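Predicted model, so just to flag it, every value in this text is computed and none were measured. Here is how names work: the chains are called A, B, and so on, in the same order as the sequence lines, proteins then strands, and each is numbered from 1.
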Protein chains: 2
Amino acid sequence: MESYIAVGALGALAQEARLTIFRMLVQAGPGGLRVGAIGKALEIPPATLSFHLAQLQHAGLVTARRKGREMIQVAAFERMNELLAYLTKNCCGEDLQACAPIVCKPTPRRRKKP
Amino acid sequence: MESYIAVGALGALAQEARLTIFRMLVQAGPGGLRVGAIGKALEIPPATLSFHLAQLQHAGLVTARRKGREMIQVAAFERMNELLAYLTKNCCGEDLQACAPIVCKPTPRRRKKP
DNA sequence: TCTATAATTCCAGAAATATGGAATCATATA
DNA sequence: TATATGATTCCATATTTCTGGAATTATAGA
């Protein structure tokens with residue numbers, strides 16, 4: 001990961017409302033959350049919420065897809081893991097063994113029918 | 001870790017110069033680096049560098065100790081690990097097994113005389 | 001097509017951050 | 001004590017980010 005990407009992602013998370021939103025999305029998993037649900041839960045005015053979601057999307061930490069007239073926001077686990085990897089890179093000098101690997105991922109769902 | 005602490009730490013890292021400085025300090029390990037050495041390496045004017053170091057210190061990501069007329073800056077590995085833990089908390093819903101633990105630490109030094 | 005709902009964009013003012021020269025503070029050494 | 005060096009603080013300016021009301025866009029359903 002290039003440093004300017006990391007700076008962008010860190011900046012996107014460096015704000016109370018956005019950090020909260022992102023954590024909600026991580027918890028929600030791949031199913032994501034509707035913008036309205038987020039706004040209702042956090043009591044953020046629509047314009048402000050859109051602004052924050054745009055910041056997270058621009059940083060690559062969140063993706064959005066339309067579902068009817070609603071927008072579903074989903075955490076970008078891959079980008080987040082790249083960020084975590086970037087932050088812990090070079091932590092242990094040459095002794096890579098000393099660093100535990102980092103993985104952030106949604107709870108695996110059980111398959112419906114085996 | 002409380003969210004406002006995390007926001008502060010993320011904000012401190014969300015700037016090119018500061019992220020670079022922090023990574024230099026992580027690489028340098030517990031021995032840290034002199035302010036002058038950092039400034040020389042990155043070619044940042046003294047006032048600007050002091051400002052950025054103060055931000056990192058205020059966020060708890062760096063500590064400083066005086067050595068003669070020089071100030072030694074050291075990465076705060078513990079705080080960084082708390083931040084990483086905070087960021088990956090709730091990643092896997094209830095299935096905590098699915099998340100790898102995160103540890104960022106300096107390269108362990110060999111003891112001088114056994 | 002008309003209406004209602006969900007969300008974004010536009011805009012302007014407020015607030016927080018970044019930058020760096022000049023002055024100041026802290027320590028070492030002659 | 002005088003001088004030099006390393007670093008911080010002061011301060012003014014520039015830049016970026018945040019906020020939210022009003023207008024606009026997108027889609028669903030009557």
> Heavy-atom distance under 4.5 Å between the side chains of B:Ile5 and B:Arg79, does that happen here?
yes
> For DNA chain D, which residues in residues 56-67 of chain A have a heavy atom at a distance below 4.0 Å?
A:Arg66
> Surrounding CD of A:Glu16 (heavy atoms of other residues, nucleotides or ligands, distance under 6.0 Å), is the total greater than 12?
yes
> Need two values: the first and the last nucleotide of DNA chain C, 5' to 3', having an atom under 4.0 Å from any heavy-atom of chain B.
C:dA18 to C:dA28
> Any side-chain heavy atom of A:Met71 sitting closer than 4.5 Å to one from A:Arg65?
no
> Might you list the N or O atoms of the protein lying below 3.5 Å from N or O atoms in nucleotides 16-20 of chain D, with each pair's distance?
{"residue": "D:dC18", "atom": "OP1", "partner": "A:Arg18", "partner atom": "NH1", "Å": "3.4"}
{"residue": "D:dC18", "atom": "OP1", "partner": "A:Arg18", "partner atom": "NH2", "Å": "2.9"}
{"residue": "D:dC18", "atom": "OP2", "partner": "A:Arg18", "partner atom": "NH1", "Å": "3.1"}
{"residue": "D:dC18", "atom": "OP2", "partner": "A:Gln55", "partner atom": "NE2", "Å": "3.3"}
{"residue": "D:dT19", "atom": "OP2", "partner": "A:Gln15", "partner atom": "NE2", "Å": "3.2"}
{"residue": "D:dT19", "atom": "OP2", "partner": "A:His52", "partner atom": "NE2", "Å": "2.7"}
{"residue": "D:dG20", "atom": "OP2", "partner": "A:Thr48", "partner atom": "OG1", "Å": "3.3"}

> Would you say that A:Val35 contacts A:Gln73 through its side chain, given a criterion of any heavy-atom pair below 4.5 Å between the two side chains?
yes
> Identify the residue among B:Val62, B:Val26, B:Leu13 that makes a side-chain contact (heavy atoms from CB on, under 4.5 Å) with B:Met80.
B:Leu13
> Rounding to a whole Å, what distance do you find between B:Leu33:CG and D:dG6:P?
16 Å
> What is the separation between atom CE on A:Met71 and atom P on D:dT25, rounded to the nearest whole Å?
17 Å
> Do the non-hydrogen side-chain atoms of B:Asn81 and B:Leu84 ever get within less than 4.5 Å of each other?
yes
> So, the side chain of A:Arg66 versus the backbone of A:Gly68: is there a donor-acceptor pair under 3.5 Å, distance only?
yes
> May I ask you to test the B:Leu25-B:Val74 pair for a side-chain heavy-atom distance under 4.5 Å?
no
> With a 4.5 Å heavy-atom cut-off, do B:Glu2 and B:Tyr86 have their side chains touching?
no
> Is the shortest side-chain heavy-atom distance between B:His52 and B:Phe22 below 4.5 Å?
no
> How close or far is atom P of D:dA7 from atom CD of B:Gln73, stated in whole angstroms?
9 Å
